[in-house]
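A quick write-up on the structure given underneath.
Please read all numbers here as calculations on a predicted model, not as lab measurements. So that the names make sense, note that chain A is the first sequence line, chain B the second, and so on, each numbered from 1.
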Protein chains: 2
Amino acid sequence: MVKRVSHKDSMCGVARPLDAIGDWWSLLIVRDAFDGLRRFGEFQKNLGLAKNVLAARLRNLVAHGIMDTVPASDGSPYQEYVLTEKGRGLFPLLVALRQWGEDFFFEPDEAHVLLVDRKSGLPVRKLELRSQDGRVLGPEDTVVRPPTSSTHAWR
Amino acid sequence: MVKRVSHKDSMCGVARPLDAIGDWWSLLIVRDAFDGLRRFGEFQKNLGLAKNVLAARLRNLVAHGIMDTVPASDGSPYQEYVLTEKGRGLFPLLVALRQWGEDFFFEPDEAHVLLVDRKSGLPVRKLELRSQDGRVLGPEDTVVRPPTSSTHAWR
DNA sequence: ATATAGTGGTTGCAAGTTGAAACCTCAAGC
DNA sequence: GCTTGAGGTTTCAACTTGCAACCACTATAT
């Protein structure tokens, strides 16, 4: 985890989300949640991380409103962990991460999992940032605009 | 940093990129690099992290081919750090992170920086994942397809 | 020539974090 | 009432982090 600053309000629009997510494990947990995993044991088995770490990460995700606990759907006396709306909002981020991985971490001929459209079975398109009028935007085409008014947020 | 697995080949398409990035600081460094920062001192001053940590992160980013060192452009005897193609490939990820932050970490009326199209000055569109035929895809509309052939990559 | 200051780091060390394993708790099955 | 399994918590050694001090090199001032 990154150095904790006194007030979250002093963190910029990139650092604040990073702080909420917590660490890499959390992101992998969220990915597994997108894949339908819900139970403590499922996450633990699939990710192979220590139980204390998993417990801490789940607590953190719940505390930040990214996941929520609900009573188990199958009548067992345990709880399950599900993504909140905020958690589901991480979908583009995970896709971006996966696509970056596909682009730069696998040899052209190396077999790897591919994200496909469930309906057509075809690979999805690359994520593209577009302007209001539809142009594809690269890093050079964008600027961060400071708040127009009053209260201070760093950068 | 996350537990290091013996072979990077045993990591899935999400974990492998995470491992390469290293930690949150690295992502903030990359963001600053997109904003035009190039020098050790600039990063250190802007992010406020310890010099040894910055040095370690930059080393890691260079080692993973995300940034590269070049001789200083201004004739000074130092080097500068610039994004490689692979590093520039992180743009969508940073945008996803920022947009998630905009959506869930600021009160509707809270002032915050906004990513705008340089040309028009208007805010950019939300990132959307689309199928080959242009439908917007959500988490439920996608599946990860295992490698069609031979070599094993986890998940 | 000598001191001073700025840049770009490295080194040492105290404090905090992580993770493997052991342990605990509760409910269900036998 | 003994065992099994799920879902954790506790313990503790190993590792990582971050502050501060230091070092090397260059440029500028005295």
### Task
Sugar-phosphate atoms are those with a prime plus P, OP1 and OP2; base atoms are the rest. Using that split, label each nucleotide of nucleotides 24-30 of chain C B, S or - for protein heavy atoms under 4.0 Å, 5' to 3'.
---S---

Between [atom2] on [N] and [atom1] on [X], what's the gap in Å once rounded to a whole number?
X     : N      : atom1 : atom2 : result
B/K45 : C/dG8  : NZ    : P     : 12 Å
A/Y81 : D/dA6  : OH    : C1'   : 11 Å
A/Q44 : D/dT9  : CD    : P     : 13 Å
A/L58 : D/dT9  : CG    : P     : 10 Å
B/L49 : D/dT17 : CG    : P     : 11 Å
B/L54 : C/dG9  : CG    : C1'   : 10 Å
A/R57 : C/dT17 : CZ    : P     : 10 Å
B/F40 : C/dG6  : CZ    : C1'   : 14 Å

### Message
Please give the remaining members of the hydrophobic cluster of A/Y78, linking ILVMFWY side chains under 4.5 Å, ordered by chain and number.
### Response
none

### Query
Are A/K126 and A/D103 close enough that some pair of their side-chain heavy atoms sits under 4.5 Å apart?
yes

### Query
What orientation do A/H112 and A/F106 show, parallel under 30°, tilted 30 to 60°, or perpendicular over 60°?
parallel

Does a side-chain N or O of [X] approach OP1 or OP2 of [N] to a distance below 4.0 Å, or not?
X     : N      : answer
B/R39 : C/dG8  : yes
A/W25 : C/dG19 : yes
A/R38 : D/dG7  : no
B/R59 : C/dG9  : no

Can you name the side-chain hydrogen bond (donor to acceptor under 3.5 Å, both in side chains) partners of [X], sequence neighbours left out?
X      : result
B/R39  : B/D74, B/S76, B/E80
A/S26  : A/D23
A/R59  : none
A/Q132 : none

### Message
Does A/F43 reach a base, just sugar-phosphate, or nothing at all? Heavy atoms under 4.0 Å.
### Response
nothing

### Message
Applying a 4.0 Å non-hydrogen cut-off, can you work out what A/Q79 is touching in the nucleic acid: base, sugar-phosphate, or nothing?
### Response
sugar-phosphate

## Note on the structure
By nearest-nucleotide position on DNA chain C, the 5'-leaning member of B/N52 and A/V53 is B/N52

### Query
In terms of side-chain heavy atoms of B/A55, which of C/dG9, D/dG7, D/dC19 is nearest?
C/dG9

